[in-house]
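Okay, structure first, notes after.
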Amino acid sequence: MPPTPATSPETSAGADREPPGQVDLSAHRPAAAELARAAELTAGELLAPPAPVRLGDVVPAPEQVRPDPTADFTLPADAAVRVGPDPDAREVAEQLAELLRPATGYPLPIVVEATTTGGPLVLTLAAATPPAGVPRPRTAAEDTAGAGAAGAVAGAAEPAGTDGAASVGGVAEPVSPGGVDPTPSAAGPTTVGADELGAEGYRLDVTPTGVRISADTATGLFHGVQTLRQLLPAAVESPSPVAARWVVPGGVLVDRPRFPYRGAMLDVSRHFFGVADVLRVIDHLARYKLNHLHLHLTDDQGWRIAVDSWPALTTVGGATEVGGGPGGFYTGADYRRIVRYAARRHVTVVPEIDLPGHTNAALTAYPELAPDRVAPPPYTGTEVGFSYVDPASERTYDFVADVLGEVAALTPGPWLHIGGDEAFKVKGAAYTGFVERTQRIVAGTGKTVIGWHQIAPAGHAEERVLQWWGTDGTDPVVAEAVRRGARLILSPGNHAYLDMKYAPDTPIGHDWAGLIDVRRAYDWDPGTHVAGVPADAVLGVEAPLWTESVTTLAEIEFMFLPRLPAIAELGWSPRSAHDWAGFRERLAGHGPRWATAGIAFHRAPEIPWPAERDAADTPTTATPTPPATPTPTG
Ligand code: TNX
């Protein structure tokens with residue numbers, strides 16, 4: 001985003017006071033000292049223009065921001081990344097260097113020190129002395145109470161100099177809760193101590209001599225690195241060296257998430273996407289501090305994960321997709337590669353095996369699972385709800401146990417998603433009985449079960465999680481399941497379904513849940529969205545991308561961006577930071593970043609993207625063409 005030119009309030013106020021035709025020049029004649037001072041300021045600005053990004057320009061909005069315009073930092077060519085000996089922290093240091101090397105062309109060696117001191121780039125685990133009198137961390141429920149709750153965090157105003165932040169550059173400027181108002185008069189001082197950053201929080205200090213990221217965990221450091229990336233000029237996204245001043249805006253930022261689960265889903269069944277595409281999607285998640293990738297691995301149109309004990313699932317069931325393309329599947333090694341790549345980016349993979357419906361591909365491979373024991377033809381259309389594995393057959397439960405056992409063994413994360421949606425032909429007790437037995441099988445693998453919210457009527461299983469995809473925010477059966485102990489992931493179809501079109505003329509996508517422009521993706525509150533579900537039962541948010549009409553990586557990106565950052569902000573930022581006007585301004589600055597990185601996105605008209613000239617010298621983004629006619633066949 002271009003810097004706003006500085007204007008002098010005195011000058012404009014003075015001009016306003018002059019009656020037309022009666023200008024008294026003597027009143028405006030500046031003293032020699034003033035002239036000298038102005039010249040000095042101008043020269044200073046020429047030498048060191050302000051940082052092009054402001055400290056509060058981060059998506060998702062950080063919890064607390066205290067800008068210090070006198071403390072901007074410029075990365076020198078001989079900078080090293082300093083880090084302590086913890087291997088996970090060293091990994092994050094290496095990732096920071098990997099992020100910065102292509103565009104800067106700087107060598108950025110990693111220096112491992114027993115105790116990190118100072119320097120241009122420092123990552124510290126379990127840092128800084130905890131300040132006295134810090135308040136307890138805010139809960140999601142308090143967040144939902146709105147700005148008042150944030151006020152409780154930021155409002156324990158201590159005199160400048162008593163908290164950790166006050167040491168930065170000796171400047172004692174207030175903090176802006178939610179990071180949406182970086183003006184230095186918004187609120188009290190930083191009050192989250194380094195000992196309260198939790199599993200994912202971090203603190204970022206920018207002074208004229210360097211940037212320090214502190215956290216309790218490597219995950220926190222990693223999130224801090226993503227923030228630092230956004231604070232550098234957009235050119236940092238360039239894959240090749242760019243001559244630029246690598247300025248970071250000065251100040252302090254303290255940040256941690258509102259909800260622990262923040263994710264996106266990619267449907268790799270309706271259209272198959274290879275490993276490289278999935279890895280790139282993981283990169284997009286990591287940028288916005290999303291920490292879960294849900295892979296919808298099986299559906300009517302294709303089975304995408306190899307299961308050794310049932311090999312035809314992929315050799316037969318993986319060979320189709322919507323529209324009749326060749327499909328494909330992940331070998332165990334492919335899947336492990338995805339999981340490893342995600343783990344390095346602090347993203348947990350959530351595998352979904354959709355049961356008992358959405359199973360046509362499995363039935364083509366193993367007709368013994370079908371209620372009539374007859375193999376159906378492969379399915380390449382886009383209807384739902386017609387297929388199911390036989391809930392009355394013991395062979396079905398052998399299959400479920402084998403598949404879930406193998407997938408669990410390949411998956412380091414704690415979750416197994418069993419689908420459960422749209423099994424229209426398995427009703428009542430047959431359905432709940434199937435789900436309950438499957439929940440027990442999942443428990444036997446040591447994982448925690450997630451299912452679409454249709455599994456609500458089944459009996460409770462310890463820790464179970466329902467994924468809400470409704471469109472009206474009301475479902476007494478879900479509310480009752482929550483009372484029995486279920487937690488909820490929020491994916492409301494009319495806000496978070498990224499396969500919905502932005503506008504009537506969006507070339508791909510659905511509209512059954514309505515059109516979802518960026519504002520609609522942004523303007524809802526996961527903490528209060530479903531009637532009868534309190535904020536503390538909400539595990540987090542997820543943005544699903546179903547791919548009936550999505551066929552390429554560019555199309556995935558086009559549907560994700562710019563809506564994915566909106567969902568990410570709902571999952572990460574305190575409710576008090578929720579502000580559409582501020583969000584669209586902050587988001588606008590990401591257009592040039594995506595363009596520079598060669599990432600496709602939708603130039604949504606509601607976002608004030610910088611003028612084309614600001615994005616000059618960057619690759620143009622791909623706009624998807626309409627998909628290769630997926631023919632709904634019924
Ligand atoms: C509903 S939402 C589905 C999917 C479709 C999607 C299309 C849910 C759990 N099931 O099978 O792909 O709509 O928007």
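It should be emphasised that the depicted structure is a prediction, and the values quoted were computed from it without experimental measurement. Counting starts at 1 for both ligands and their atoms, in listed order.
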Identify the protein heavy atom lying closest to [atom], giving its residue, its atom name and the separation to 0.1 Å.
atom: atom 13 (O) of ligand 1; result: Trp512 CZ2, 3.5 Å
atom: atom 9 (C) of ligand 1; result: Asp421 OD2, 3.1 Å
atom: atom 2 (S) of ligand 1; result: Tyr497 OH, 2.4 Å
atom: atom 11 (O) of ligand 1; result: Arg270 NH2, 3.0 Å
atom: atom 5 (C) of ligand 1; result: Glu548 OE2, 3.4 Å
atom: atom 3 (C) of ligand 1; result: Glu422 OE1, 3.4 Å

Flag [X] as yes when one of its N or O atoms lies below 3.5 Å from any N or O atom of ligand 1, and as no otherwise.
X: Trp452; answer: no
X: Asp267; answer: no
X: Trp469; answer: no

Compile the donor-acceptor pairs under 3.5 Å between side chains in residues 404-419 and protein atoms, sequence neighbours left out, one pair per line.
unit_1, atom_1, unit_2, atom_2, d
Glu406, OE1, Asp308, N, 2.7
Glu406, OE2, Asp308, N, 3.3
Glu406, OE2, Ser309, N, 2.8
Glu406, OE2, Ser309, OG, 2.7
Thr411, OG1, Tyr335, OH, 2.8
Thr411, OG1, Val407, O, 2.7
Trp415, NE1, His292, NE2, 3.1
His417, ND1, Gly419, N, 3.1
His417, NE2, Gln467, OE1, 2.9

Which of the atoms in ligand 1, numbered in the order shown and given with their element, are less than 4.0 Å from a heavy-atom of [X]?
X: Met500; value: 14 (O)
X: Asp499; value: 7 (C), 14 (O)
X: His510; value: 7 (C), 14 (O)

Checklist entry - So which heavy atom on Gly357 is nearest to which on Ala423, and how close? => result N-CB, 3.9 Å
Checklist entry - For Arg337, does the CZ atom sit with more than 12 other heavy atoms under 6.0 Å from it, leaving out its own atoms? => result no
Item to check | Criterion side chain to side chain donor-acceptor pair (under 3.5 Å) on Thr219 and His346, from CA distance to verdict | outcome: CA-CA 6 Å; Thr219 302; His346 301 266; 2.8 Å; yes
Checklist entry - Checking Asn494 side chain against Trp512 main chain: does a donor-acceptor pair fall under 3.5 Å? => result no
Checklist entry - Between the main-chain N or O of Glu555 and the side-chain N or O of Thr552, is there a donor-acceptor pair closer than 3.5 Å? => result yes
Item to check | Sub-4.0 Å heavy-atom contact, His358 with ligand 1 | outcome: yes
Checklist entry - Gln467: heavy atom below 4.0 Å from ligand 1, yes or no? => result no
Next on the checklist: With heavy-atom distances below 4.5 Å as the criterion, would you say the side chains of Ile305 and Thr314 are in contact?
Outcome noted: no
Item to check | Which residues share a ring-ring contact (aromatic ring centres under 6.0 Å, His included) with Tyr502, sequence neighbours left out | outcome: Phe558, His602
Checklist entry - So, Arg258 and Glu63, do they make that salt bridge, N to O below 4.0 Å? => result no
